[in-house]
Protein chains: 2
Amino acid sequence: MPSCCASALRPTAARRPVPDVANIYQVAELARVSVATVSRIINNSAKVTEKTRQRVVAAMAELEFRPNSIAQALATNRTNCVGVLVSELYGPFFGTMLSALEQELRAAGKFVIVTAGHSDAAREKIGIQFLAGRNCDALIVHVEALPDQYLIDHDRNPAPLVIMNRVVPALADRCLSLDNRQGGYLATRLLIEKGHRNIAYVSGPLGWLDAGQRLAGHKRALAEAGIKFVEQLMVEGDYHDTGGAMALTQLLDAGLPFTGVVCANDEMAAGALAVARERGIAVPADLSIVGFDNSPLSRHVFPKLATVDYPIGNMGRMAARWVLRNVYGDETISVQQTFEPDLLERESVSAPGNPSPRATTRARVQRKSPRRSESRRRP
Amino acid sequence: MPSCCASALRPTAARRPVPDVANIYQVAELARVSVATVSRIINNSAKVTEKTRQRVVAAMAELEFRPNSIAQALATNRTNCVGVLVSELYGPFFGTMLSALEQELRAAGKFVIVTAGHSDAAREKIGIQFLAGRNCDALIVHVEALPDQYLIDHDRNPAPLVIMNRVVPALADRCLSLDNRQGGYLATRLLIEKGHRNIAYVSGPLGWLDAGQRLAGHKRALAEAGIKFVEQLMVEGDYHDTGGAMALTQLLDAGLPFTGVVCANDEMAAGALAVARERGIAVPADLSIVGFDNSPLSRHVFPKLATVDYPIGNMGRMAARWVLRNVYGDETISVQQTFEPDLLERESVSAPGNPSPRATTRARVQRKSPRRSESRRRP
DNA sequence: TCTCCGTATGAAAGCGGTTACATCGTACGG
DNA sequence: CCGTACGATGTAACCGCTTTCATACGGAGA
């Protein structure tokens, strides 16, 4: 017996007792018509005499009839459910995406089933299968670990896949993506335009696509300005605040001078900011910092972080619209699939005017084991 | 025709074409058994000879058979779906709750359907009906606007309601709640213990239950210390950072001296912190600030906010467990329904030792129209 | 008045499972 | 050797709705 089948809990359950909810037969009987006619009225799918309609509507009201959506789904092979797989259900990025997406789908009467993939290939795969097992009409996925090929293979699945934040060439028409490269470019160019020449970079995990793209944009901006990319000024972080803190510590301790640092997301930038404060490095006077994502966090820290806006809410909405158009056939809806980042200049950046010597200090601050991030879920 | 019935989009859709997915009849045929036997194997619901079982399992594998969950739901009157209604799908509070809740339910093979109520009675009601219309087996709701009576009336619904962050006496066995009063008490007592006597309070919207409870705790702590509650030292905020900023501005401008302020959530505390910084009021030297919720934000601002931990993740998990136990009948699961807040003492609080005169300044800073919060969703 | 045609309605067959009940075969005791 | 009882399996009704196809009905034209 495949483990997929037996529900984890089915305690010798006979059919669940059914409450006294009216069904289509009772409505038909009360209205003295056939169930076919009632169905026609429910779905507005064929002409019905006004007199009959009124009888049926009255009967439905009297019995408080609500069509059983499961039976409808079985008969039509359409569940009106859209599965959504994201890395995590919390955090400003996915929260914003989910919120916009759900609002759009809900307005069209579609249900959203969510689950998390935790940025892990095995768990992402299980998540997709889990959602597909529910007969979702479509799947909107934000996967970071699964290879392109898996997504392509899955395409024969009845539920089409909409892919967020990623471009799979063979599935380009189902991908929604931001030009991360351009974002990295804009962030770095901001510093260059302010006059910075020694610019450090704190990357996301390089195994993830967007991290690599943002870095590529950074390099392009440097190249364009004739600045050599220095390997020692780049540190790979983990997209968390602790990673940002460790990264800046490492950069400072390495001893190479720099007056600006680009972080591949706001959370790492916040971590870096905290380290700068601890070490007495003034931001932006001594060190300019740029983040990425424009998460709410970027406005809560002091000084407010210059950052690159990631229009994730809009992208979520567009993913929903893609589904409404291509799966549910609403041709009137227009969909945007590629998005451009915007630069938001804020207080964490200035000209490298008066860098105090500390900005490039190699002073070693004792910091044996950086405290573990508690910034995620509480037990 | 009731508007509830006709799906918003049903473009003269005939039955959706069915992909070549095997059903139970094909499995039965290939294995030369009846569908009843196949079903028994799927559900492990009755003894089957080992030889037969092997034939059937082989057939299922060969045909890549996956039971149609919709058909199962129709036959058993159990959808394995749990509906979740929260105020918003974003933000650290709901994100954490959703995440924990989903993880717990997913592990038991249950699906989570989410939707938002936006803290508005009408929309909360629509949200509940929306979820109930999907034949969810249970509903976990975090509603702030709907009156108790509506929840009680809804109780005759086939899907039981689990109520978060609220106590409805008639439905006490389905309510999970934090002792918000105790939280407000702890926050204020922290300041009192540090030696503060003039303590301001920035409340949440008093129409919401938890806001009133937190305020009550504050008052109790004051009373216990023999401090008179001063109406002018209390401002009703909106649980957003801008509201916190406006509230502190108002308090400072009112001219009454105070050395500590308790904010009913971290976001407002962050707003207050920003105002303090703008006005040159040192935190905590001149002014101690306490937040509430222990959101990630409280650790990102400087100085780190003392706050009251709201174990929302754990509460989400427990809501899931309530459902697993009481709806899906897993008696082995234990459930906790009431929770105690914990005080987290951090850098934003100190003794009122050396309050600079500015802490109680009435200097008017020009600030005609505080900028609107962008801290939520981007368009 | 009769035929023809279009339209509103009804009958019934699915959709893909679950399960109560019938049936068949076999081992066992008398 | 036969009746019995029990365990494995099959038959068929059902879950509640959709949809095809047949039918009945009514009006227009001859």
Practice prompt. Mind calculating the distance between CD (Q26(A)) and C1' (dG16(D)) to the nearest angstrom?
Written response: 11 Å

Discussion item. Between R166(A) and D148(A) (salt bridge meaning N to carboxylate O under 4.0 Å), is one present in this structure?
Written reply: yes

Worksheet item: So does T76(B) get a side-chain nitrogen or oxygen closer than 4.0 Å to the phosphate oxygens (OP1/OP2) of dG17(C)?
Response: no

Worksheet item: Could you state the CD1-P distance from I70(A) to dC14(D), rounded to the nearest angstrom?
Response: 22 Å

Discussion item. Please confirm whether the shortest side-chain N or O distance from N43(A) to OP1 or OP2 of dT18(D) is below 4.0 Å.
Written reply: yes

Practice prompt. Decide whether N135(A) and S69(B) meet the rule of one side-chain donor and one side-chain acceptor closer than 3.5 Å.
Written response: yes

Item to complete: List the atom of V327(A), the atom of P160(A), and the distance in Å for their closest heavy-atom pair.
Response: CG2-CG, 3.6 Å

Worksheet item: Side chains of R134(B) and I113(B): does their closest heavy-atom pair fall under 4.5 Å?
Response: yes

Item to complete: Specify the separation, in whole Å, of atom CD1 of I24(A) and atom C1' of dG14(C).
Response: 15 Å

Worksheet item: Taking the six-membered ring for Trp, are F111(B) and F130(A) parallel (under 30°), tilted (30 to 60°) or perpendicular (over 60°)?
Response: parallel

Worksheet entry | Atom-pair distance (NZ on K51(A); C1' on dA8(C)), nearest Å | 12 Å

Worksheet entry | K47(B) vs A71(B), nearer the 5' end of DNA chain D by closest nucleotide | K47(B)

Atom pairs under 3.5 Å, N or O on each side, protein against nucleotides 10-12 of chain C: can you list them with distances?
unit_1  : atom_1 : unit_2 : atom_2 : d
dG10(C) : OP2    : S34(A) : N      : 2.8
dG10(C) : OP2    : S34(A) : OG     : 3.2
dG10(C) : OP2    : T37(A) : OG1    : 2.9
dG10(C) : O6     : R40(A) : NH2    : 2.6

Worksheet item: Are OP1 or OP2 of dT18(D) and a side-chain N or O of Q72(A) less than 4.0 angstrom apart?
Response: yes

Practice prompt. May I ask you to verify if any side-chain N or O of N68(A) is less than 4.0 angstrom from the OP1 or OP2 atom of dG16(D)?
Written response: no

Output a table of donor-acceptor pairs, distance under 3.5 Å, between side-chain atoms of residues 119-127 of chain B and any protein atom two or more places apart or on a different chain; print 'none' if there are none.
unit_1  : atom_1 : unit_2  : atom_2 : d
S119(B) : OG     : E144(B) : OE2    : 2.6
D120(B) : OD2    : A122(B) : N      : 3.1
D120(B) : OD2    : R123(B) : N      : 2.9
R123(B) : NH2    : H118(B) : NE2    : 3.4
E124(B) : OE1    : A145(B) : N      : 3.0
E124(B) : OE1    : L146(B) : N      : 2.9
E124(B) : OE2    : E144(B) : N      : 2.8
E124(B) : OE2    : A145(B) : N      : 3.2

Discussion item. Can you confirm whether the side chains of R40(A) and S45(A) place a donor and an acceptor under 3.5 Å from each other?
Written reply: no

Worksheet item: In whole angstroms, how far is the P atom of dG16(C) from the CZ atom of R78(B)?
Response: 23 Å

Worksheet item: Taking atom P of dC17(D) as reference, at what distance in whole Å does atom OH of Y25(A) sit?
Response: 9 Å

Worksheet, complete the sentence: Rounding to the nearest 10°, end axes of the helix from dT1(C)-dA30(D) to dG30(C)-dC1(D) built from five pairs each make an angle of 60°

Worksheet item: Where the side chain of A75(B) is concerned, which of dG17(C), dA8(D), dC17(D) is the nearest nucleotide?
Response: dG17(C)

Practice prompt. Round to a whole Å and report the spacing from CZ of F65(B) to C1' of dG16(C).
Written response: 8 Å

Discussion item. Hydrogens and angles aside, do E88(A) and S99(B) bring a side-chain donor and acceptor to less than 3.5 Å of each other?
Written reply: no

Discussion item. Rounded to whole Å, please give me the gap between CG in L74(B) and C1' in dG16(C).
Written reply: 9 Å

Fill in: Residue of the set M97(A), H142(A), Q337(A), M164(A) for which side-chain contact (heavy atoms from CB on, under 4.5 Å) holds with M315(A)
M164(A)

